[in-house]
Amino acid sequence: MTLRPIRLLVGAALSLALAACGTTYSMPGIADETNSRASTMFAEAKTAAPRSPISESAGVNRFARVSRRIEPVARQLCETELAQGKAVDCDVKLELDREMQQRNAYFTYAEAGNRSPVIRFSVPLLQDTGNDDEVAFIMGHEYGHLIGRHIQKGQQQAIAGALILGVITAAASAQGGGYYDQTAVENSMELGAMVGQRAYSQTYELESDMLGTRIAHAAGYDPVKGAQFFARDEAARSGGGQLSFWGTHPPDEKRMAMVLATMEQIQGQQALTRKASQ
């Protein structure tokens, strides 16, 4: 393999990665005062008295009650932001995952090709919530992954990462006069895909927090109160030291600050702003 095709392939992969990276929307700036408020609120919620899990039926009823209010608001935002001139499915199915024993909620697609969007909540997560605001915020957050196109962006970044490391490994072998090691290239591509997919994961989570704040507020809930779900005590955490819902997410206090900053924008009547390049 000569240097020219190597450069072309790496250049194409980098272009793909850059096109997919970053948030769709401009994120609010977070002032020192907002960070301080977030730290104080987080500490207060952290030291609150432990609460007992609610019954399964109460959790399921809470899910149904909140879904009825969040769904039309989130659908309208999705259609406003994505559906104009595009084949985007904003008809998200809100479902219970009755098999999952972890405290978790997630957004995914039920069919190949990123079709049939679905948000699922595990029953243990619902039983661990203290109020409707927490469920509303988490549900809005999951809708944020749809509106922010995070799965699609992650897929593009995975492809780009795989191409970059795969090509570099093949080029290194060729330039060194060695033979083409298919196993090494495949391993490099797997690593590149993993790195590429996770490169902006925390940024996307913060964008979903911002969108979730707006959705929950528009539906009549208190997203600041809902975001205090972050400050669960250690007994509610998984064996890995994190709530499964927050396992790969940014630091909790940073997320609280994002919610507060977004509320400041809402109260200042500042609209959601899409980046010029998106």
Side-chain angles (χ1 to χ4, degrees), residues 23-28 30 34 37-38 41-42 44-45 54 58-82 90-96 103-107 117-122 125-148 150 204-232 243 245-246 249-250 252-274:
T23 61
T24 300
Y25 301 95
S26 297
M27 305 290 280
I30 301 177
T34 303
R37 284 179 60 208
M41 292 179 65
F42 183 81
E44 290 174 350
I54 60 176
V60 171
N61 288 338
R62 174 169 284 164
F63 175 79
R65 185 168 59 246
V66 172
S67 296
R68 287 193 293 269
R69 288 172 56 178
I70 289 291
E71 191 278 335
V73 172
R75 179 197 285 266
Q76 182 178 14
L77 181 61
C78 176
E79 291 175 347
T80 299
E81 292 298 318
L82 298 179
C90 292
D91 185 16
V92 178
K93 292 181 174 60
L94 300 172
E95 300 178 349
L96 295 173
R103 296 168 175 85
N104 203 5
Y106 57 94
F107 169 77
V118 58
I119 292 172
R120 296 191 181 106
F121 276 62
S122 74
L125 176 68
L126 292 167
Q127 291 181 271
D128 198 40
T129 58
N131 49 63
D132 287 11
D133 299 286
E134 292 181 350
V135 174
F137 177 77
I138 295 170
M139 194 174 291
H141 170 95
E142 296 304 332
Y143 267 106
H145 287 306
L146 167 66
I147 297 167
H150 296 155
Y204 295 154
E205 296 301 334
L206 288 172
E207 183 173 47
S208 285
D209 287 340
M210 178 192 70
L211 291 166
T213 299
R214 287 183 173 273
I215 291 169
H217 177 267
Y221 292 102
D222 183 346
V224 175
K225 185 177 179 180
Q228 291 180 25
F229 183 81
F230 297 157
R232 305 298 290 114
L243 281 166
F245 178 63
W246 314 118
H249 294 46
D252 296 334
E253 291 182 45
K254 185 174 182 179
R255 302 185 69 184
M256 185 76 78
M258 177 57 66
V259 172
L260 291 172
T262 303
M263 282 302 301
E264 290 168 3
Q265 286 191 332
I266 293 171
Q267 291 161 358
Q269 299 185 337
Q270 184 173 340
L272 186 65
T273 305
R274 182 181 289 266

Check your understanding: Do Leu126 and Leu96 have side chains that get closer than 4.5 Å, going by heavy atoms?
Key -> yes

Point to revise | Gap between atom CE of Met27 and atom CG of Asp209 - 0.5 Å precision | key: 7.5 Å

Review point. Shortest non-hydrogen contact from Ile70 to Ala219?
Key: CD1-CB, 3.7 Å

Practice item. Go through Arg69 and Arg65 one step at a time and tell me if the side chain to side chain contact (heavy atoms under 4.5 Å, CB included) criterion holds. Key: CA-CA 7 Å; Arg69 288 172 56 178; Arg65 185 168 59 246; 5.8 Å; no

Point to revise | Thr129 OG1 to Phe137 CZ distance, which is reported to the nearest 0.5 Å | key: 14.0 Å

Exercise for review: Quick one: pull up NE2 in His141 and CG in Leu206 and give me the separation to the nearest 0.5 Å.
Suggested key: 9.0 Å

Review point. Is there a donor-acceptor contact under 3.5 Å from the side chain of Arg37 to the main chain of Leu260?
Key: no

Review point. Are there more than 12 heavy atoms of other residues, nucleotides or ligands under 6.0 Å from atom CD of Glu95?
Key: yes

Review point. For the atom pair CD1 (Ile119) and OH (Tyr106), what is the distance rounded to the nearest 0.5 Å?
Key: 11.0 Å

**Study point:** Min side-chain heavy-atom separation Thr262-His217 under 4.5 Å
**Key:** no

Review point. How long is the span from the OH atom in Tyr143 to the CD atom in Glu71, to the nearest 0.5 Å?
Key: 4.5 Å

**Study point:** N/O donor-acceptor pair under 3.5 Å between Glu207 side chain and Tyr25 backbone
**Key:** yes

Practice item. Might you work through the side chain to side chain contact (heavy atoms under 4.5 Å, CB included) test for Asn131 and Tyr221, ending with a clear yes or no? Key: CA-CA 10 Å; Asn131 49 63; Tyr221 292 102; over 6 Å; no

Exercise for review: Apply side chain to side chain contact (heavy atoms under 4.5 Å, CB included) to the pair Ile266 and Arg214, showing each step before the final yes or no.
Suggested key: CA-CA 8 Å; Ile266 293 171; Arg214 287 183 173 273; 3.9 Å; yes

Check your understanding: How are the rings of His145 and His150 set relative to one another: parallel (under 30°), tilted (30 to 60°) or perpendicular (over 60°)?
Key -> perpendicular

Practice item. Look at the side chain of Thr34 and the backbone N and O of Ala257, then say whether any donor-acceptor pair between them is shorter than 3.5 Å. Key: no

Check your understanding: Would a distance-only check, ignoring hydrogens and angles, find a side-chain to backbone donor-acceptor pair under 3.5 Å from Arg274 to Glu81?
Key -> yes

**Study point:** Heavy-atom pair with the smallest gap, counting every atom of Arg62 and Gly130
**Key:** NH1-C, 3.6 Å

Practice item. Carefully, step by step, assess Leu272 and Met210 under the rule side chain to side chain contact (heavy atoms under 4.5 Å, CB included). Key: CA-CA 9 Å; Leu272 186 65; Met210 178 192 70; 3.6 Å; yes

Practice item. Kindly compute the distance separating CG (Asp222) from CE (Met263), expressed to the nearest 0.5 Å. Key: 7.0 Å

Check your understanding: Looking at Asp128 and Glu134, what are the two nearest heavy atoms and their distance?
Key -> O-OE1, 4.5 Å

Practice item. Kindly indicate whether the side chain of Met258, heavy atoms from C-beta on, has any atom under 4.5 Å from the side chain of Ile30. Key: yes

Check your understanding: What are the two closest heavy atoms between Val259 and Pro223, and how far apart are they?
Key -> CG1-O, 3.8 Å

Review point. What's the shortest heavy-atom distance between Gly140 and Ile215, and which atoms?
Key: O-CD1, 3.7 Å

Study note, to complete from the structure: On a heavy-atom basis, the closest approach of Pro117 and Phe107 is CB-CE1, 3.7 Å

